[in-house]
K.L.:
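I have a structure here, written as structure tokens, and I will follow up with some questions on it.
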Amino acid sequence: MFAAERRQLILEMVRANGAVSLRELARVVQTSEVTVRRDVRALEAEGLLDRRHGGAVLPGGFTRESGFPQKSHLATAEKTAIADLAANFVEEGEAIVVGAGTTTQELARRLARVPGLTVVTNSLLVAQALAHANRVEVVMTGGTLRGSNYALVGSGAEQSLQGLRVSRAFLSGSGLTAERGLSTSNMLSASVDRALVQAAAEVVVLADHTKLGTDTMFQTVPTDLITRLITDEPPAHDDRAATELQALADQGVQIAVAGAAGSPGGDAVPARQQQRRDVPLPAPRRGQVPGVGPGLRSAAVLNDQPPGAERARVADLRRR
């Protein structure tokens with residue numbers, strides 16, 4: 001086990017139990033107490049845990065990462081709307097990668113209807129959603145199973161992605177800011193997501209408005225590597241999310257916004273009737289072809305509505 005994997009496992013044990021002895025840590029990671037003590041000292045230096053006599057504890061004010069059961073019940077309407085819109089950006093016969101997460105799981109359920117599609121994923125939930133899709137080929141990475149989100153992580157997962165090239169990657173995370181990009185609270189998940197990004201020509205981030213303006217521990221995708229963000233309409237009073245959307249657009253991220261049925265501040269209409277809109281870009285980034293990428297349909301085109309000549313104010317992205 002590599003040092004990074006060992007330390008991540010130590011962190012997860014401490015977060016799950018609040019306090020763990022060095023002896024127990026050494027038994028689980030299958031190494032000596034001397035090595036574990038050195039790992040705990042390094043993690044304490046980073047502010048991730050506190051050392052105690054014979055063990056390690058959570059630092060004051062440190063919050064645990066939510067597991068899949070908790071995440072699956074958060075912002076469900078928003079995730080459904082985002083998945084509906086994201087599925088429109090996938091073409092027949094494409095090869096894509098789909099990362100782990102509850103929003104990407106919703107996307108996978110819709111991809112089962114896309115013929116000739118090849119999906120590479122490290123998520124057991126994504127693979128399960130596509131398991132009975134006769135016209136979709138699913139390629140799983142290797143790696144070690146991380147039970148909290150049913151994802152394969154570690155060096156095995158990263159090595160299986162070497163030499164891979166696909167059209168685009170669909171990723172989610174724990175937080176998204178214009179300054180730092182997409183981030184997550186787990187070291188091993190972040191490392192695999194970075195490998196997924198390296199395999200894709202374009203990166204599409206799926207994030208509901210509750211993640212906008214939130215910065216978590218490990219960066220996965222810097223802002224300049226994000227091609228497109230697909231999100232839901234922030235509530236009228238959510239100035240932080242609106243400000244962050246505008247800042248992301250200013251940095252060249254193409255933003256597609258979908259209304260969520262029954263969401264706060266949104267209109268309760270069927271998903272198929274929801275308006276889809278792209279925030280106009282100020283200018284293409286260096287090395288970026290103006291407009292959308294090859295085979296990538298814009299949300300405005302899907303509605304047969306040409307994008308406006310002037311930048312829409314993100315704070316007012318509410319369907320009239």
Side-chain angles (χ1 to χ4, degrees), residues 74-75 77-79 81-86 88-89 101 103 168-184 197 202-216 219-261 263-267 274-293 296-303 305-320:
L74 297 175
E78 290 84 350
K79 292 172 183 177
I82 291 169
D84 286 339
L85 179 51
N88 289 316
F89 293 94
T103 310
R168 58 182 60 87
F170 291 86
L171 299 176
S172 187
S174 302
L176 177 65
T177 65
E179 179 180 0
R180 194 157 173 252
L182 189 67
S183 62
T184 185
V197 169
E202 298 178 352
V203 178
V204 181
V205 171
L206 311 181
D208 63 78
H209 72 270
T210 63
K211 298 177 180 179
L212 299 177
T214 299
D215 194 9
T216 53
Q219 183 192 56
T220 56
V221 190
T223 306
D224 61 353
L225 292 184
I226 300 175
T227 306
R228 182 181 298 270
L229 165 65
I230 301 179
T231 187
D232 62 293
E233 296 189 40
H237 56 79
D238 193 344
D239 294 334
R240 184 184 71 167
T243 300
E244 207 66 49
L245 279 178
Q246 186 63 66
L248 287 163
D250 290 340
Q251 294 198 35
V253 178
Q254 301 175 40
I255 299 175
V257 179
S263 64
D267 295 321
Q274 294 165 7
Q275 295 294 325
R276 298 158 180 169
R277 189 184 313 173
D278 276 354
V279 176
L281 293 179
R285 289 173 285 177
R286 180 177 299 178
Q288 178 182 352
V289 178
V292 296
L296 185 61
R297 298 169 290 174
S298 72
V301 171
L302 289 171
N303 285 307
Q305 297 175 356
E310 299 180 0
R311 179 188 310 279
R313 291 195 58 180
V314 180
D316 295 324
L317 278 179
R318 297 176 54 78
R319 184 160 37 79
R320 296 293 186 264

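Side chains included, hydrogens not; waters and symmetry mates left out as well; all remaining heavy atoms used.
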K.L.:
Looking only at heavy atoms, which two atoms of Arg168 and Phe89 are closest? And how far apart?
P.N.:
NH1-O, 3.4 Å
K.L.:
Short question: side chain of Gln251, backbone of Thr223 - any donor-acceptor pair under 3.5 Å?
P.N.:
no
K.L.:
Please find the pair of heavy atoms, one from Ala247 and one from Ala178, that lie closest to each other, and give the distance.
P.N.:
CB-CB, 3.5 Å
K.L.:
At what distance, to the nearest 0.5 angstrom, does CG of Leu206 lie from OG of Ser172?
P.N.:
6.0 Å
K.L.:
Does the Thr184 side chain pair with the main chain of Gly173, one donor and one acceptor, at a distance under 3.5 Å?
P.N.:
no
K.L.:
Is Arg228 close to Glu202 at the side-chain level, that is, under 4.5 Å between some pair of heavy atoms?
P.N.:
no
K.L.:
If you measure from OG1 on Thr231 to CG on Leu245, what distance do you get to the nearest 0.5 Å?
P.N.:
6.0 Å
K.L.:
Taking all non-hydrogen atoms of both residues into account, name the closest pair between Thr177 and Gly213 and its distance.
P.N.:
CG2-C, 3.7 Å
K.L.:
Which heavy atom in Asp232 sits nearest to a heavy atom in Asp208, and how many Å separate them?
P.N.:
OD1-CA, 3.1 Å
K.L.:
Please check if the side chain of Thr227 supplies one atom and the backbone of Val204 the other of a donor-acceptor pair under 3.5 Å.
P.N.:
no
K.L.:
Just by modelled atom types, is the Leu176 backbone N or O under 3.5 Å from a matching donor or acceptor in the Glu244 side chain?
P.N.:
no
K.L.:
List the atom of Ala258, the atom of Leu85, and the distance in Å for their closest heavy-atom pair.
P.N.:
CB-CD2, 3.7 Å
K.L.:
Tell me, with the steps shown, if Arg240 and Thr214 meet side chain to side chain contact (heavy atoms under 4.5 Å, CB included).
P.N.:
CA-CA 10 Å; Arg240 184 184 71 167; Thr214 299; 3.6 Å; yes
K.L.:
CG/Leu225 to CG/Leu171 distance, rounded to the nearest 0.5 angstrom?
P.N.:
11.0 Å
K.L.:
On a heavy-atom basis, which atom in Val253 and which in Leu229 lie closest, and how many Å separate them?
P.N.:
CG1-N, 3.8 Å
K.L.:
Given 3.5 Å as the limit, does a donor-acceptor pair link the side chain of Thr220 with the main chain of Leu182, or not?
P.N.:
yes
